[in-house]
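Both ligands and their constituent atoms are indexed starting at 1 by order of listing.
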Amino acid sequence: MKVCVVGIGYVGLVSAGCLAEAGNSVICVDKDEEKIAGLKQGTIPIYEPGLAELVRRNLRVGRLSFTTDLKQGVDNSLIIFLAVGTPSAADGSPDVSAILTVAREIAGYLREYRIIVTKSTVPVGTYAQVVEIIKAGTDVPFDYVSNPEFLKEGAAVADFMRPDRIIIGTTKAEVQEQMRQLYAPFMRKSRRLLCMHPASAEMTKYAANMMLATRISFINEIAELCEKLGADIEQVRQGLGSDSRIGPAFLFPGVGFGGSCLPKDIRALIHIGREHGVEMRIARAVEQVNLDARERFNGRIIEYFAGRHEKTTLAVWGLAFKARTDDVRESPAIYCISKLLDRGIKIRAYDPEAGETALARLGGGIDIFRNGYDALEGADALVIFTDWQEFRNPDFAAVAARLKRPVIFDGRNLYDPEYVKEAGIEYHSIGRPGQPV
Ligand SMILES: NC(=O)c1ccc[n+]([C@@H]2O[C@H](COP(=O)([O-])OP(=O)(O)OC[C@H]3O[C@@H](n4cnc5c(N)ncnc54)[C@H](O)[C@@H]3O)[C@@H](O)[C@H]2O)c1
């Protein structure tokens with residue numbers, strides 16, 4: 001099929017690459033000229049496992065092309081995906097202006113029947129707004145589908161290739177069939193393609209993200225209580241997650257969730273609820289508990305070095321909001337580091353992929369190292385913010401030897417406290433008994 005994807009970020013580029021890999025001809029449109037110029041040369045602007053190979057391969061064989069010219073995409077594609085950003089506005093409401101702008105532009109270019117599909121996360125009712133806008137700009141027939149995306153960064157290609165389910169928000173049978181055909185190559189793991197009203201599709205995405213965020217805040221709240229009561233959150237988590245009604249996913253205590261989706265989508269739900277007279281009490285609590293989780297962790301570090309902040313240097317492992325991505329949007333690491341910098345604490349940081357994006361986001365002010373052990377040299381403690389696989393089994397003797405004092409603050413509970421203690425390292429983690437004071 002001939003497909004156009006508008007908005008070539010984490011979602012757009014992964015979707016385009018995977019659709020091309022399945023044999024479709026995909027035109028990628030973005031307004032960012034530099035990004036498009038780079039992509040034409042095979043320069044991949046983000047880190048996502050498996051993505052670079054996928055994009056370069058499909059670029060080479062001509063199934064994937066890149067342009068800033070939306071008209072070219074609209075003229076040459078039956079199905080047009082919208083994957084532009086929908087960030088939070090200052091009041092927490094979702095800013096759908098990019099979606100509406102693109103809809104207006106598409107209307108101006110429509111010459112033949114097209115199917116317009118929104119992948120971005122948009123508030124319920126956006127489908128009606130987009131349809132109105134396009135109808136106001138053209139008499140050419142078109143159909144609209146709400147098709148929220150559920151991929152997760154760090155495993156985005158795998159998620160797109162083998163999704164748990166695909167949601168198709170349209171009530172028109174023939175459009176459902178077109179979408180079913182487009183997605184057929186990706187439905188080998190699960191044949192679950194759920195067709196529903198576009199409003200329900202839009203709502204499903206927010207509900208899913210709120211559930212995931214709720215689980216993280218829930219386990220963080222239980223972890224806080226564990227610390228007071230002498231229970232071990234790691235044992236509790238395993239006991240809890242092995243209940244088949246509950247399951248183990250998204251029940252990891254830590255510095256809280258970040259990224260470009262969960263925080264903004266929770267804020268959006270709170271805002272949307274208010275606009276419609278529904279106080280989203282759970283969403284508000286989830287957001288607050290999440291903010292508290294990082295404050296509590298950072299507070300422990302700040303208190304530990306009280307009175308000597310300006311003489312303190314910390315080594316940091318992990319800047320990305322989670323492992324296997326270079327994305328630092330709303331990363332707890334970035335938030336905590338900027339608070340530490342405010343107090344005069346110096347930072348020597350390492351992240352396998354997110355060094356550059358973090359430096360850009362912080363506007364400098366920290367030293368980035370190409371190796372985790374180099375970052376430790378002469379630091380007063382090691383702080384872990386991200387659960388990269390390569391941090392899970394370090395050489396503790398080498399860690400202790402490089403630090404001025406062997407202390408670890410672990411915001412992801414990566415280690416067995418007994419094991420770390422035996423290596424002569426003072427170990428602070430989350431929700432476990434016997435924390436050093
Ligand atoms: N990142 C994720 O893991 C994820 C997962 C599921 C859903 N989503 C949702 O998907 C959407 C996109 O997220 P993302 O993380 O890929 O965003 P992103 O910021 O990485 O990419 C958005 C892209 O859209 C482009 N763009 C903006 N306005 C444009 C316009 N008028 N014309 C052409 N291009 C334009 C930007 O230049 C950018 O390249 C959001 O609604 C997000 O909530 C994201």
Among all protein non-hydrogen atoms, which one is nearest to [atom], and what is the separation to 0.1 Å?
| atom | value |
| --- | --- |
| atom 26 (N) of ligand 1 | Val84 CG1, 3.7 Å |
| atom 8 (N) of ligand 1 | Val11 CG2, 3.5 Å |
| atom 5 (C) of ligand 1 | Leu151 O, 3.5 Å |
| atom 22 (C) of ligand 1 | Gly85 N, 3.6 Å |
| atom 21 (O) of ligand 1 | Gly9 CA, 3.2 Å |
| atom 17 (O) of ligand 1 | Arg329 NH1, 3.8 Å |
| atom 40 (C) of ligand 1 | Thr86 OG1, 3.5 Å |
| atom 43 (O) of ligand 1 | Lys264 NZ, 2.7 Å |

Closest candidate by heavy atom, reference atom 27 (C) of ligand 1, pool Glu34, Lys152, Lys31, Glu153: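 Nearest option to atom 27 (C) of ligand 1, by heavy atoms: Lys31.
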
Is [X] close to ligand 1, meaning an N/O of one under 3.5 Å from an N/O of the other?
| X | result |
| --- | --- |
| Asp265 | no |
| Lys119 | no |
| Thr121 | yes |
| Glu149 | no |
| Lys35 | yes |
| Thr101 | no |
| Val102 | no |
| Asp30 | yes |

Answer yes if the side chains of [X] and [Y] hold a donor-acceptor pair under 3.5 Å, and no otherwise.
| X | Y | answer |
| --- | --- | --- |
| Arg267 | Ser88 | yes |
| Ser97 | Asp95 | yes |
| Asn147 | Tyr183 | yes |
| Gln288 | Asp292 | yes |
| Tyr350 | Asp374 | no |

Please work out, at 4.0 Å between heavy atoms, whether the side chain, the backbone, both, or neither of Pro148 comes within that distance of ligand 1.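 None of Pro148 does.
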
Under 4.0 Å, heavy-atom basis, I'd like to know which part of Cys261 is in contact with ligand 1: side chain, backbone, both or neither.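 Only the side chain of Cys261 comes within reach of ligand 1.
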
Decide, yes or no, whether a salt bridge links [X] with [Y] under the criterion of side-chain N to carboxylate O below 4.0 Å.
| X | Y | result |
| --- | --- | --- |
| Asp159 | Lys152 | yes |
| Glu153 | Arg324 | no |
| Arg284 | Glu279 | yes |
| Arg57 | Glu21 | yes |

Decide ring pair (Phe, Tyr, Trp, His ring centres under 6.0 Å) for Phe142 and Tyr113; before the verdict, give the C-alpha distance in whole Å, the side-chain angles of both, and the deciding distance to 0.1 Å. CA-CA 5 Å; Phe142 69 95; Tyr113 170 80; 8.4 Å; no

Here's a test for you: under side chain to side chain donor-acceptor pair (under 3.5 Å), which of Tyr415, Trp317, Tyr427 qualifies with Asp410?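 Output: one option passes, namely Tyr427.
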
Looking at CD1 of Ile8 and NZ of Lys31, how far apart are the two atoms once the value is rounded to the nearest 0.5 Å?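 Taking CD1 in Ile8 and NZ in Lys31, the distance rounds to 13.5 Å.
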
Is it the case that the side chain of Glu33 and the backbone of Thr68 share a donor-acceptor pair, with hydrogens and angles ignored and the cut-off at 3.5 Å?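 Absent.
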
Which atoms of ligand 1 sit under 4.0 Å from any heavy atom of [X]?
| X | value |
| --- | --- |
| Ala83 | 12 (C) |
| Ile8 | 23 (C), 39 (O) |
| Ala98 | 28 (N) |
| Ser260 | 1 (N), 15 (O) |

Using ring centroids (six-membered ring only for Trp), state whether Phe186 and Phe160 fall under 6.0 Å.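 Centroid distance Phe160-Phe186: below 6.0 Å, so yes.
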
